[in-house]
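In what follows, chains are A, B, ... by sequence order, proteins preceding strands, each numbered from 1. Just the heavy atoms: all of them, side chains too, but no hydrogens, waters or symmetry mates, feed the values below.
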Amino acid sequence: MSDAILEPTAGSPDMSDTQTPAEEALARLKELHPDVVSDETREGYEGLIVYADSITEVARTLRDEFGFNYLSSVTGVDNIDAGKLEAVYHFYSISRGGGALILKAQTDRENPVIPSLVPIFPGADFQEREAFDMYGIRFTGHPDLRRILTWDGFDGFPLRKDWKEAFYEEDYKPFGSRWPEGRVFGQRNEIPTVKMSATLPVGHRPGMNTMWRQTFTWVFPTPAMRHLALKPIK
Amino acid sequence: MVVTLDGETIIDLKPVMGYLHRNHEQIGERNTFIMNMPYTDRLDYLSSMSNNLGYALTIEKLFGLAVPERAEWLRILMVELTRICNHLWALGFLLNDLGALQTPMLYYYIEREMILDFFEAAAGSRMMCNYMRFGGVAYDMPDEIRNISTIKYLEDLIFDRLPRALDQGDELITNNEIVRARSIGVGYLSPEDAIAFSTAGPLLRASGIPYDIRRAEPYSYYEHLDFDVAVRYNGDIYDRYLVRVDEMRQSLRILEQVLPHLKRTTGAPIVGDKPQYALRAPRAGEAYGRVENPKGELGFYVTSKRRGGNPERYHVRAPSFINLTALGPMCRGYKVADAVGILGSIDIVLGEVDR
């Protein structure tokens with residue numbers, strides 16, 4: 001090893017004249033799908049912005065024709081200034097190595113829908129579920145789109161920029177609850193439930209009234225657990 | 001895990017997670033850049049040094065910071081020791097799951113403790129190291145550990161103790177009849193599936209895909225170091241075991257090359273002169289940095305506003321989490337008892353799965 005290579009390395013690698021596999025694929029992608037992809041215009045951002053409905057088509061081209069067969073990362077980003085939710089995809093090529101090919105699909109915040117990549121890249125399964133869990137992006141065509149890190153019955157999408165932690169960050173009282181309607185278990189229609197209703201005594205502090213007066217419903221997930229509700233435990 | 005069974009045969013398996021969820025990413029967006037560094041230790045708490053490196057590389061990419069030479073060698077030293085440390089732990093637990101209770105695990109732990117002692121002397125903590133900084137590392141090597149000079153301690157470890165421990169493990173385990181019966185041909189993952197399920201690390205390489213980020217997209221000084229990418233071709237539990245053993249041997253090879261450089265650069269600066277604490281992003285933008293963690297590809301996706309003091313978006317691409325995607329397909333068709341071994345062979349850490 002010569003001493004010449006031991007210069008301090010800069011954090012961002014210097015791009016040489018030759019095109020990396022990712023740059024080459026990006027250029028060809030623009031030729032192949034001129035209608036649905038557009039350049040990333042924000043300063044400091046890389047990759048291409050893809051029209052959300054065409055993301056599966058573009059991803060299939062990437063995998064089958066350009067050899068970018070490894071979907072490393074799928075994640076959501078809340079771009080609240082532009083009123084958009086974004087899904088960011090990082091693709092790599094196993095055989096050719098090199099840097100990432102970045103695609104972004106944008107959708108509006110009110111009704112965020114993006115087609116799922118699971119049929120093409122099964123590895124997107126948990127990551128799309130996570131993006132759904134945290135941002136509420138609905139990935140159509142996902143075989144099993146449920147919450148993954150928070151629990152079933154969680155209310156809200158915690159990584160959105162306008163989300164407020166129930167109880168601690170609320171603007172006003174009474175506080176909201178992360179257990180809407182007091183459900184401890186995720187309530188599903190097909191499960192027979194036993195309801196135990198009790199209205200707790202109303203306090204005299206005006207701010208607290210609404211919080212305590214709500215009806216608590218305990219839901220037992222299986223009929224076999226009914227006796228727990230009906231009989232007092234000795 | 002929710003397992004659907006036919007007798008003892010697994011028809012379907014779905015991992016259920018989230019019990020250790022701490023909303024790492026949102027806390028990361030609230031923190032300043034440097035405040036996340038100790039927090040990355042808590043992702044994969046068995047290999048905190050590698051997590052630190054991944055995060056430091058990402059922020060250096062975002063800020064365009066340079067790293068002095070000695071810091072790079074120190075980083076590689078720490079990261080490769082972490083890899084050995086992590087694999088010793090992983091193999092100990094894999095063998096535990098396969099029924100070789102306690103003995104091999106404790107044999108491996110003796111060596112792991114030696115490495116952790118070094119981490120404690122160098123970083124102040126055995127596991128939550130918080131060692132890397134943007135543009136360098138936090139501390140230089142200590143002068144001595146347990147009244148032995150540090151270089152002597154490392155030489156003992158790298159040239160003598162660790163190779164001996166690996167040979168001993170080989171002798172004890174690799175040809176053991178029960179281990180082979182429990183692991184050969186179990187938990188098969190085809191190379192096509194390994195890529196499709198985005199698996200990374202030893203899981204990918206045991207399926208015959210020689211993909212290692214240290215070679216595919218080299219960072220730090222890895223392109224100047226001489227080592228092979230450990231790869232095996234059968235894609236079962238046994239091969240994942242062997243890949244990890246091979247990788248530890250390759251890590252030792254790297255460490256042998258790093259030591260002379262550490263001796264040569266003694267006294268050189270270990271961190272750039274930029275202040276670490278009130279760091280603000282010089283430009284708006286995004287960066288995705290990834291490193292070859294012991295468990296696979298660890299990626300950080302960080303975006304920031306111009307002059308922003310904290311990340312706008314801080315995402316962790318956790319290898320354990322994504323490797324779990326392949327657990328269901330790998331277990332299908334095998335017996336319930338095999339599922340434990342297959343899970344052990346993925347080598348997950350829940351701090352990283354749930355974040």
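- Heavy atoms closer than 4.5 Å to chain A are found nowhere in B/R306, neither backbone nor side chain.
- Of the listed residues (A/Q127, A/E46, A/H90), the greatest number of heavy-atom pairs within a distance under 4.5 Å of chain B belongs to A/H90.
- Heavy-atom distances place no part of A/I120 under 4.5 Å from chain B, backbone and side chain included.
- Side chains of B/N23 and A/L159 form a contact here, defined as non-hydrogen atoms less than 4.5 Å apart.
- Under the 4.0 Å criterion applied to side-chain N and carboxylate O atoms, A/E86 and B/R313 are not assigned as salt-bridge partners.
- For A/V74, the part sitting under 4.5 Å from any heavy atom of chain B is the backbone (N, CA, C, O) and nothing else.
- Options B/T199, B/L204, B/L20 differ in how many heavy-atom pairs under 4.5 Å they form with chain A, and the most are formed by B/T199.
- Put simply, of A/E130, A/R63, A/R147, the one with the most heavy-atom pairs under 4.5 Å next to chain B is A/E130.
- Ranking B/E286, B/E223, B/E217 against chain A, the residue ahead of the rest is B/E286, based on heavy-atom pairs under 4.5 Å.
- Residues forming a side chain to side chain contact (heavy atoms under 4.5 Å, CB included) with B/T325 (at least two apart in sequence, or on another chain): A/D125, A/F126, B/F197, B/I322.
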Worked verdict on A/L149 versus B/Y19 for side-chain contact (heavy atoms from CB on, under 4.5 Å): CA-CA 8 Å; A/L149 293 179; B/Y19 294 95; over 6 Å; no
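- At least one side-chain heavy atom of B/F321 sits under 4.5 Å from a side-chain heavy atom of A/I148.
- Here the CD atom belonging to B/E297 is positioned 5.5 Å from the OH atom belonging to A/Y92, to the nearest 0.5 angstrom.
- One finds the CG atom of B/D354 at 11.0 Å from the OG1 atom of A/T150 (value rounded to the nearest 0.5 Å).
- Heavy atoms of B/D226 lying under 4.5 Å from chain A are absent altogether.
- The minimum heavy-atom distance between B/S198 and A/G123, with the atom names listed, is OG-CA, 3.7 Å.
- No more than 12 heavy atoms of other residues, nucleotides or ligands sit less than 6.0 Å from atom OH of A/Y51.
- With 3.5 Å as the limit, one finds a donor-acceptor pair spanning the side chains of B/Y288 and A/S72.
- Of the atoms belonging to B/A200, heavy atoms from both backbone and side chain fall under 4.5 Å from chain A.
- Note: B/F300 CZ to A/S73 OG = 11.5 Å, rounded to the nearest 0.5 Å.
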Test log, rule side-chain contact (heavy atoms from CB on, under 4.5 Å), inputs A/D144 and B/K14: CA-CA 11 Å; A/D144 185 22; B/K14 282 189 174 150; 3.9 Å; yes
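- Neither the backbone nor the side chain of B/F63 comes within less than 4.5 Å of any heavy atom in chain A.
- With a 4.5 Å cut-off on non-hydrogen atoms, A/S95 does not touch chain B at all.
- With chain A as partner, the option from B/A196, B/G135, B/G18, B/S304 having the largest number of non-hydrogen pairs under 4.5 angstrom is B/A196.
- B/V16 does not touch chain A: none of its heavy atoms, backbone or side chain, sits under 4.5 Å away.
- Atoms CG and CD1, from A/L71 and B/I195 in turn, are 12.5 Å apart once rounded to the nearest 0.5 Å.
- For chain B, the nearby part of A/D81 is the side chain; its heavy atoms alone come within less than 4.5 Å.
- A salt bridge links A/K161 with B/E29: the closest approach of a Lys/Arg side-chain nitrogen to an acidic carboxylate oxygen falls below 4.0 angstrom.
- With a threshold of 4.5 angstrom between heavy atoms, B/R355 approaches chain A through side-chain atoms but not through N, CA, C or O.
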